[in-house]
Structures are given as C-alpha cells and as structure tokens.
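Presented below is the structure to which this report refers.
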Amino acid sequence: MKTFLISQNDAGQRLDKFLTKAVPLLPAALLYKYIRLKRIKRNHQRCQISDRLREGDLLELYINDEFFSPPGADEAFFHAPAQLDLLYEDENILVVNKPAGLIVHADDKEVWDTLINRILKYLYEKKEYDPAQENSFVPALCNRIDRNTSGIVLAAKNATALRELNQRIRDRELQKRYLCVVHGKMPQREETLTAYLKKDADKNQVRVYPQPVPGGRTIQTAYRVLAQKKDLSLLQVGLLTGRTHQIRAHMAYLGHPLLGDGKYGKNTDQQLGYRFQALCAYQVRFSFSESDGPLGYLNGKTVTVPQVDFVTALFPEVAALFKRQEGKNGA
C-alpha cells in the first residue's frame, strides 16, 4: 500500500488528475478500474474520479509496487547551473531575464541546461523546493519565449500562485512590451497593424497574410519607433494578440525583418556576427482588473530589464532611458 497526504500545493485538483502526476506509471485504464474497485480510497472511504482534493486528505492506494517509481536523486535540474538573472522575487513568484540562446523547457536535444531547470536548481539550493516533499507540484513557468529571444519569463513557486498567474495571463491582465531592431525605416513613427497568421507546425514556422485565410488567425501588432540609425530602427512593440513568432513574422512581412533573425530575416546577419534575433521581452506590467486574490499585491507593479545588450551596442544614446527603469523593479 502507498499513501499520499494532500498538501496545499496538491489541493484543488481532481483525484484522477493528481494521481496521473503522482503515479505516472499507472495506466489510465487501471487507475479508473482501481477507483471503481475501491483499491484507491480517500480518507478511508470510497472516492470518485471527479472528487476535488482538499489539504489534509489521505489517499490510500492498494496497488502493486511496480507502479511506483523509486524516488530518484538524478532529477535533471540537479545537473543544471543555478545561474539566473533575477529581476524580481517574492514568496510566490520569480521574474527572470532569460538570455538569448537558452531554451525554456527541454526538447529532444537539450536535457539539463534549460531555464526551468535553472530555476528549480536555484529554489532547491534556497530550500524552497524539494521534490522529495512534493506529491505532484513542481514550480513552473507561466509564459515562454523563443530560445533565441531574450527577456522576461515569469515562474510560480507554488500551486496557488501558478493558478492565479495563469488565469491573469489568460485574461490579458499582464501587459508585456518588447524591444527589437529591424532593418530599414518604418513608414510611420507609431502604428497598430492588423494581419492574419497561419502556422506550419511541421516547419515550426508561420506565414502572414493581408486577408483572412483558412486556418489563419488575426494578429495585431503595435509599434513605436524609438530611434533610427542608418538602415536600422529600434522599436518598442506591444502585442494586442499573442501568436507564435508574431513580432518576427509580422515585421518580416512588412519588409522590415529583425536584425539577426535567421528564420524570417536576412541570412547575411548571421555572417556578420548577429547570432540571435534582436528581440527582447523587456517589460511586464501587472494590470489586474481587481486586486483580490493571493497575488493582488502585484497590481500596478512594473518590472523592466535594466539593460538590453543590443540596445546598448547599437543605440547607446537610448540605453540610458531603460537604465532609469532599474530602480523601479523592486518598488
């Protein structure tokens, strides 16, 4: 028999969802069968698949040991560096400045050094996360950006913060701004543009169209020109919609591809030494419609990346503008 004592981070989940994470080796068909046969009990009583777990509940699983994997000491995050550029941290969330070139989650090629693994290693070393003490919860990212894009990524330290932050993001109550450098001179100093984007999942690439197309989705991109130098423009960008590669593809469609963008831009940029697209998610503002909830204290807070490398290198006269935001990060 195996028992689970439901913690605060486990509470609120459906029974079957919790067990799927806590006992991943148990096939779904057997999970539902064992619930029906009362080989899985909640507080010594029969339970239902859809039961919502509460803190302090005791689950008893009368199932074979083969379905329980031994607690391992070789979790991937143990091998990752704890190196993080922290912009803001409290007891519930982290706001991190991800460097260009670092992937957020593991893929077929990256195993150890990912942003989430760095965060887990950091929290483990601070004794704020221990997988041996958790049944199902793992600190998680609430947004993601491309490997070769730099900038702000948010992470939740506990299940309550994760649920609320994800809901706030779905309700578009976090306002994000980006900086990018594009080729050429923009037609207007400030403009909001609408187009239609269609994704090719096999190529991990998108195409932008001027008119609606089957399978396409509306995109709206607002830009403001901050500076121009020779054939380059520094833009501040806001997304009214958040689609895959939206800024990169939309700017390329307009004839102004991002500097260093090997997928949608000019291959010669890579040859000139621009390894990553000049794109940074440099600012986030918590603009909640209501300040209730566990994260209500964040309402009105703005977090800014104090220094963006490609801005400093190409537009040093503008870089001071963003340095002045640094003092606001902890405010």
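Values reported hereafter were calculated over all heavy atoms of this structure, with side chains retained and with hydrogens, waters and symmetry mates removed.
- Side chain of R224 to main chain of Q236: no donor-acceptor pair is present (N/O by atom type, distance under 3.5 Å, no hydrogens or angles).
- Atom-to-atom distance recorded for L279:CG and C180:SG is 6.0 Å, nearest 0.5 angstrom.
- Taking CZ from R39 and CG from L31, the interatomic distance works out to 12.0 Å, rounded to the nearest 0.5 Å.
- Checking side-chain atoms of K21 against main-chain N and O of S136 turns up no donor-acceptor pair under 3.5 Å.
- Under the rule for a side chain to side chain contact (heavy atoms under 4.5 Å, CB included), the partners of R144 that lie at least two apart in sequence or sit in another chain are V104, H105.
- Side-chain polar atoms of K38 and Q45 form no donor-acceptor pair below 3.5 angstrom.
- Between the side chain of S233 and the main chain of G184, a donor-acceptor pair closer than 3.5 Å is present.
- Between F288 and F286, the two ring planes are perpendicular [angle over 60°; tilted spans 30° to 60°].
- Interatomic distance, CG of L120 versus CD of E125, reported as 11.5 Å (0.5 Å rounding).
- In this model, a donor atom of one side chain and an acceptor atom of the other lie less than 3.5 Å apart for E89 and Y122.
- Note on L86 and L115: same hydrophobic cluster, where clusters join Ile, Leu, Val, Met, Phe, Trp and Tyr whose side-chain heavy atoms are under 4.5 Å apart, directly or indirectly.
- Using cut-offs of 30° and 60° on the angle between ring planes, the pair F18 and F4 is perpendicular.
- Sorted by first then second residue, the salt bridge (charged side-chain N to carboxylate O under 4.0 Å, His left out) pairs that include residues 187-213, not counting sequence neighbours, number zero.
- We find that D51 and R14 are not joined by a salt bridge, their nearest charged nitrogen and carboxylate oxygen being 4.0 Å or further apart.
- The distance from atom SG of C280 to atom CD of Q307, rounded to the nearest 0.5 Å, is 11.0 Å.
- Shown here is R275, whose CZ atom has no more than 12 heavy atoms of other residues, nucleotides or ligands within 6.0 Å.
- Between the D90 side chain and the N92 main chain, a donor and an acceptor come within less than 3.5 Å of each other.
- With hydrogens and angles left out, the side-chain atoms of H79 and N117 include no donor and acceptor closer than 3.5 Å.
- Taking all atoms of both residues into account, the shortest heavy-atom contact from A11 to R54 is CB-C, 4.1 Å.
- Between the side chains of Y274 and D261, no donor N or O sits under 3.5 Å from an acceptor N or O.
- The aromatic rings of Y264 and H245 sit perpendicular, their planes meeting at an angle over 60°, well past the 30° parallel limit.
- Inter-residue side-chain proximity for L179 and F310 is flagged as met; some heavy-atom pair is nearer than 4.5 Å.
- Following chains of ILVMFWY side-chain contacts shorter than 4.5 Å, one can reach Y32 starting from I40, so the two form part of one hydrophobic cluster.
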Audit row: L314, L234, side-chain contact (heavy atoms from CB on, under 4.5 Å) steps and yes/no: CA-CA 9 Å; L314 298 171; L234 174 65; over 6 Å; no
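- At a cut-off of 3.5 Å, with distance as the only test, a side-chain donor of Q283 or T304 sits close to an acceptor on the other residue.
- When the shell of 6.0 Å around NZ of K185 is examined, it contains 12 or fewer heavy atoms from other residues, nucleotides or ligands.
- A donor-acceptor pair is defined here as one N or O able to donate and one able to accept, closer than 3.5 Å; such a pair exists between the side chain of K263 and the backbone of N204.
- The nearest pair of heavy atoms linking M251 to V182 is CG-CG1, 4.2 Å.
- Within 6.0 Å of the NZ atom in K126, the count of heavy atoms belonging to other residues, nucleotides or ligands exceeds 12.
- Summarising the geometry of D113 relative to L102, their closest heavy-atom pair is O-CD1, 3.5 Å, with the distance given to 0.1 Å.
- The CE atom of M186 sits 4.0 Å away from atom OH of Y223, with the distance rounded to the nearest 0.5 Å.
- Side chain to side chain, Q277 and T149 meet the donor-acceptor criterion of an N or O pair below 3.5 Å.
- Atoms CG and OG, on N299 and S291 in that order, are 3.5 Å from each other to the nearest 0.5 Å.
- Other residues, nucleotides and ligands contribute over 12 non-hydrogen atoms within 6.0 Å of the CD atom of E55.
- The local environment of OH in Y124 is sparse, with at most 12 non-hydrogen atoms from other residues, nucleotides or ligands closer than 6.0 Å.
- Considering every non-hydrogen atom in both Q246 and L197, the closest pair reads CA-CD1, 4.3 Å.
- For CZ of R118, the number of neighbouring non-hydrogen atoms (other residues, nucleotides, ligands) closer than 6.0 Å is greater than 12.
- Within the 4.5 Å cutoff, the side chain of I152 has no heavy atoms near those of the N97 side chain.
- Counting all heavy atoms, side chain and backbone alike, G265 lies closest to P257 at CA-CB, 3.5 Å.
- For Q175, the CD atom counts as densely surrounded, since its 6.0 Å shell holds more than 12 non-hydrogen atoms of other residues, nucleotides or ligands.
- E134 and N9 are linked by a side-chain donor-acceptor pair at a separation below 3.5 angstrom, with hydrogens and angles left out of the test.
- S7 and D10 form a side-chain donor-acceptor contact under 3.5 Å, judged by distance and modelled atom types alone.
- With hydrogens and angles ignored, the 3.5 Å screen pairs a side-chain donor or acceptor of N43 with a backbone N or O of L58.
- Follow the hydrophobic side-chain contacts under 4.5 Å out from F276 and you never reach I247; the two are in separate clusters.
- At a threshold of 4.0 Å, the pair E128-K157 counts as salt-bridged, since one of the basic side-chain nitrogens sits closer than that to a carboxylate oxygen.
- With hydrophobic clusters built from ILVMFWY side chains whose heavy atoms lie under 4.5 angstrom apart, Y178 shares a cluster with V206.
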Residues Y282, V311; criterion side-chain contact (heavy atoms from CB on, under 4.5 Å); working and verdict: CA-CA 11 Å; Y282 88 102; V311 177; over 6 Å; no
Full working for side-chain contact (heavy atoms from CB on, under 4.5 Å) between Q220 and L239: CA-CA 6 Å; Q220 290 184 299; L239 298 179; over 6 Å; no
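- A donor-acceptor pair shorter than 3.5 Å cannot be found between the side chains of N158 and Y129.
- Closest approach of P294 and T160 over heavy atoms only: CG-CG2, 3.4 Å.
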Chi angles and distances behind the side-chain contact (heavy atoms from CB on, under 4.5 Å) call for I119, V96: CA-CA 9 Å; I119 288 173; V96 178; 4.2 Å; yes
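- Within 6.0 Å of CZ in R285 there are more than 12 heavy atoms belonging to other residues, nucleotides or ligands.
- With hydrophobic clusters built from ILVMFWY side chains whose heavy atoms lie under 4.5 angstrom apart, L37 does not share a cluster with L26.
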